Amino acid sequence: MKPIFLIGFMGSGKSTVGKALQNILDWDFVDTDALFEAEEKFNISDYFARFGEIHFRKKEHMYLKRSTQDNTIVSTGGGIVLRLDNVIWMQSHGTIVYLATSFEQIVKRLYGDMSRPLFQAEDMQATYKRFTSRLPLYESAANYVVQTDGLSPVEIADQLVVQLKL
Ligand code: S3P
């Protein structure tokens, strides 16, 4: 079967839900951020600081393509929808699932997490602006949307199995 791409803002649970789905389906699981870090031998924060976001986005596009395999759940970075070619790639190679999580929930999860250069706890207004500007991009890219607040990763994965008839 064609891959499933999980999209959503930072902290929406793409990796944990992806792994829960992997357990149910016995598919492969790839996290494009983890692949980036393993291949580039850089953590993403250091990479951003050294080379900047534009270079990151170019590499991210390459790792998205590389992750695209049959019977694979691909957890993408929150900014994957910023490039139209990423969206077109995902739409033409698999199914896109948007994990829709409230900003309140995201802040609860990520507060104090220093691993994400674009989640600025010290400037919550800028982070909220980033969040709201991304929402229409996630919504228009997705084939399926799951509202995740109040659900565990396993419950979300179970819901996807039913919704996507897997
Ligand atoms: C980013 C999200 C991160 C990572 C990078 C940029 C973004 O991934 O790709 O820090 O632009 O939203 P997660 O969504 O897995 O945190």
Side-chain angles (χ1 to χ4, degrees), residues 1-39 44 53-54 56-110 116 118-119 127-166:
M1 290 199 40
K2 289 188 169 180
I4 295 170
F5 298 101
L6 299 178
I7 65 169
F9 201 68
M10 296 172 264
S12 59
K14 293 164 294 204
S15 299
T16 34
V17 169
K19 285 178 193 159
L21 199 52
Q22 177 192 31
N23 281 336
I24 298 172
L25 299 178
D26 199 23
W27 284 18
D28 290 332
F29 169 78
V30 184
D31 178 329
T32 58
D33 286 337
L35 182 63
F36 175 98
E37 292 188 328
E39 294 288 311
I44 289 175
E53 183 174 352
I54 292 176
F56 172 78
R57 297 296 173 204
K58 279 190 192 147
K59 298 257 179 188
E60 183 180 48
H61 179 71
M62 180 181 88
Y63 289 118
L64 171 67
K65 284 184 161 174
R66 237 210 250 175
S67 309
T68 303
Q69 309 281 344
D70 283 346
N71 296 335
T72 302
I73 299 142
V74 183
S75 170
T76 63
I80 205 83
V81 291
L82 295 176
R83 279 180 60 153
L84 184 60
D85 54 357
N86 288 339
V87 173
I88 291 171
W89 174 269
M90 293 188 287
Q91 284 174 338
S92 54
H93 288 83
T95 305
I96 306 180
V97 173
Y98 166 35
L99 300 184
T101 306
S102 67
F103 190 67
E104 292 67 30
Q105 188 63 45
I106 283 166
V107 171
K108 262 191 219 161
R109 279 188 198 149
L110 296 190
R116 291 171 169 90
L118 297 183
F119 184 84
T127 302
Y128 184 65
K129 211 170 149 196
R130 192 183 301 283
F131 174 79
T132 53
S133 70
R134 296 252 182 105
L135 293 186
L137 301 178
Y138 297 129
E139 280 161 10
S140 64
N143 301 109
Y144 295 92
V145 180
V146 184
Q147 304 293 337
T148 69
D149 283 17
L151 297 178
S152 71
V154 172
E155 286 169 331
I156 298 166
D158 284 340
Q159 194 172 312
L160 282 173
V161 170
V162 175
Q163 243 184 307
L164 274 66
K165 300 186 178 62
L166 295 166

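This one's a predicted model, so the numbers in the text were calculated from it and none came from an experiment.
By the 4.5 Å heavy-atom criterion applied to side chains, I80 and F5 are not counted as neighbours. Residues I44 and E37 are in side-chain contact: their nearest non-hydrogen atoms beyond the backbone lie under 4.5 Å apart. Within the 4.5 Å cutoff, the side chain of F103 has heavy atoms near those of the T127 side chain. Inter-residue side-chain proximity for M90 and T68 is flagged as unmet; no heavy-atom pair is nearer than 4.5 Å.
With sequence neighbours excluded, no residue forms a side-chain hydrogen bond (donor to acceptor under 3.5 Å, both in side chains) with Y98. Residues forming a side-chain hydrogen bond (donor to acceptor under 3.5 Å, both in side chains) with Q69 (at least two apart in sequence, or on another chain): none. For the side-chain hydrogen bond (donor to acceptor under 3.5 Å, both in side chains) test, residues two or more places apart in sequence or in another chain that qualify with E53 are R57.
In terms of heavy-atom proximity, P3 sits nearest to V74 at CB-CG2, 4.5 Å. Between R83 and H61, the shortest heavy-atom contact is NH2-CG, 3.7 Å. What you find for L35 and S67 is that their closest heavy atoms are CD2-OG, 3.6 Å. Scanning both residues, F9 and Y138, for their nearest heavy atoms gives CA-OH, 3.3 Å.
Not one N or O on the side chain of T72 forms a donor-acceptor pair closer than 3.5 Å with the backbone of F29. Looking at R130, its side chain does come within 3.5 Å of a backbone N or O of L118 through a donor-acceptor pair.
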Q.
Using the rule given for side chain to side chain contact (heavy atoms under 4.5 Å, CB included), can you reason through Y63 versus V30, listing the C-alpha separation, both sets of side-chain angles and the distance that settles it, and then say yes or no?
A. CA-CA 10 Å; Y63 289 118; V30 184; over 6 Å; no

Q: Begin from the C-alpha positions of T95 and K2 and carry the test side chain to side chain contact (heavy atoms under 4.5 Å, CB included) through to its verdict.
A: CA-CA 7 Å; T95 305; K2 289 188 169 180; 5.5 Å; no

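The side chain to side chain donor-acceptor pair (under 3.5 Å) pairs that include a residue from residues 3-28 are S15-D31, S15-S75, where partners are two or more places apart or lie in different chains.
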Report all side-chain donor-acceptor pairs from residues 156-166 shorter than 3.5 Å, counting only partners two or more places apart or in another chain.
none

Less than 3.5 Å apart, which donor and acceptor atoms pair up between the side chains of residues 141-150 and the rest of the protein, not counting sequence neighbours?
residue	atom	partner	partner atom	Å
N143	OD1	I96	N	2.7
T148	OG1	A100	O	3.3
T148	OG1	T101	OG1	2.6
D149	OD1	S102	N	3.1
D149	OD2	S102	OG	2.6

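A distance of 7.0 Å separates CG of L110 from CD1 of I106, quoted to the nearest 0.5 Å. Interatomic distance, OG1 of T32 versus CD of E60, reported as 5.5 Å (0.5 Å rounding).
With respect to E39 and K59, no salt bridge is recorded, no charged nitrogen being found less than 4.0 Å from a carboxylate O.
A side chain to side chain contact (heavy atoms under 4.5 Å, CB included) with T76 is found for exactly one of L6, D33, N86, L64, namely L64.
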